There are 2 protein chains.
Amino acid sequence: MSAGVYSVEKMREILTGYMEAKKLRKTVERYTILECICRLQGHFDVETLRKHVVENHFSVSQAAVYNTIELLMDAGLVVRHQFFSQVVQYELKSAALTHHHAICHYCGGIREVKTEKVKIPADYKIPKFTPEYHSLYIYGMCSKCKFRERSQKKKNNE
Amino acid sequence: MSAGVYSVEKMREILTGYMEAKKLRKTVERYTILECICRLQGHFDVETLRKHVVENHFSVSQAAVYNTIELLMDAGLVVRHQFFSQVVQYELKSAALTHHHAICHYCGGIREVKTEKVKIPADYKIPKFTPEYHSLYIYGMCSKCKFRERSQKKKNNE
DNA sequence: TTTACTGCAAATATTTTGCAATATC
DNA sequence: GATATTGCAAAATATTTGCAGTAAA
């Protein structure tokens, strides 16, 4: 897992550009949260992110975290996932572009699958729709659960 | 939109087979809910489904609906989506297999895109993982929102 | 100075859970 | 008859909202 194609600096720049274009205010909270997301490396939920920010000696409210994530999604820096549980997960878009997600619906475990393994044509055309980003979720069973299932069947003499 | 590849009868059979294999009870609620899902044709959320069931003169509790959807997912008849809002949507798996989803993140509108348009190789291999089903979400901007955006820019002399 | 943004807390929305009643096996 | 499943309501979880205070422009 990596912070992705973009550096933290590049992402700050994109965020700044977006806020200036939309005439939004450049608050310390927004930049701090973006940096914390980069440091988190990978998927995160709102509560995890907020804890991480606070651990880095910066106090933010939950409301500001929700607000900022929304903003970062609008700016095209963050994408949203809902894999399995009720908790919504987020991820840096530049990182998400490098992989798909394999989700085991027995244990809820998530694996990243390099995009080269399952190539989706980037030039697909959809009438009356302008694609910007896509997300592929592959559901199935991980080897651990497969093993557990086999042991279970054996025990039951199936 | 169609009820999918399978007929209602076939799906009842699959459900029966699954419940017998797992030694679960064949309750009226479970069969009724499955039939209502088939009649709904397309995406639905828990509350919509429950209303539909009740409108068809059958009383079920919310708990039973949640329970049954979970069961139907385990039986491989229903898949889960979370497109945009906080509301989780479900769909018959056999219907979901025929299309991907194009999601406009400006208005939240969802379009179905025939799978032939964006073909995902069915034979992909993932180490230590057995794929069973996949879901492709294409995010972007629908033509209505594109038009609205253009009008807005024009008004602001951009 | 203006007002967008934050923090806080309360409100809403959604899902899960405990337990008694019921229906399946 | 044994117990899985349901219904009901309460609890838990997640997100949104209102409003006063703060800080960016």
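Worth saying up front: this structure is predicted, and the values here are computed from it rather than measured. Chain naming here is simple, since letters A, B, ... match the order of the sequence lines and numbering starts at 1 in each.
Nucleotide D:dA24 holds its C1' atom 12 Å from the OH atom of A:Tyr31, rounded to whole Å. What separates CD of B:Glu70 from C1' of D:dA4 is a distance of 16 Å, to the nearest Å. Following rounding to the nearest Å, A:Gln82 (CD) and D:dT13 (C1') show an atom-to-atom distance of 12 Å. Atom-to-atom, CG of B:Leu24 to P of D:dT5 comes out at 5 Å; the value is rounded to the nearest Å. Remark: C1' of C:dC5 and CZ of A:Arg25 are 7 Å apart, rounded to the nearest angstrom. The distance between atom CE of B:Met19 and atom C1' of C:dT24, rounded to the nearest whole Å, is 11 Å. Atom pair B:Tyr90:OH and C:dT14:P shows a separation of 12 Å (rounding to whole Å applied). The NZ atom of A:Lys22 sits 17 Å away from the P atom of D:dA25 (whole-angstrom rounding).
Note that OH of A:Tyr90 is 11.0 Å distant from NE2 of A:His81, once rounded to the nearest 0.5 Å. Within the model, atoms CE of B:Met11 and CG of B:Leu92 stand 4.5 Å from one another, a figure rounded to the nearest 0.5 Å. Separation of atoms CD (A:Glu35) and OH (A:Tyr31) is listed at 10.0 Å; rounding is to 0.5 Å.
The shortest distance between the side-chain N/O atoms of A:Arg30 and the OP1/OP2 oxygens of C:dC5 is below 4.0 Å. For D:dA4, the OP1/OP2 oxygens have no side-chain nitrogen or oxygen of B:Thr27 closer than 4.0 Å.
Nearer the 5' end of DNA chain C, as judged by each residue's closest nucleotide, is the contact made by B:Val87, out of B:Val28 and B:Val87.
Within residues 46-69 of chain B, the residues that have a heavy atom under 4.0 Å from DNA chain D are, in order of number, B:Ser59, B:Val60, B:Ser61, B:Ala63, B:Ala64, B:Asn67.
Counting only N and O atoms by type, the side chains of B:Glu91 and B:His99 include a donor and acceptor under 3.5 Å apart.
Between the A:His52 side chain and the A:Ile37 main chain, no donor and acceptor come within less than 3.5 Å of each other.
Of the candidates A:Gln89, A:Glu112, A:Arg111, A:His43, A:His43 is the only one forming a side-chain hydrogen bond (donor to acceptor under 3.5 Å, both in side chains) with A:His101.
Among the heavy atoms of the strands, none lies under 4.0 Å from A:Lys23.
Atom CZ of B:Phe147 has 12 or fewer neighbouring heavy atoms from other residues, nucleotides or ligands inside a 6.0 Å radius.
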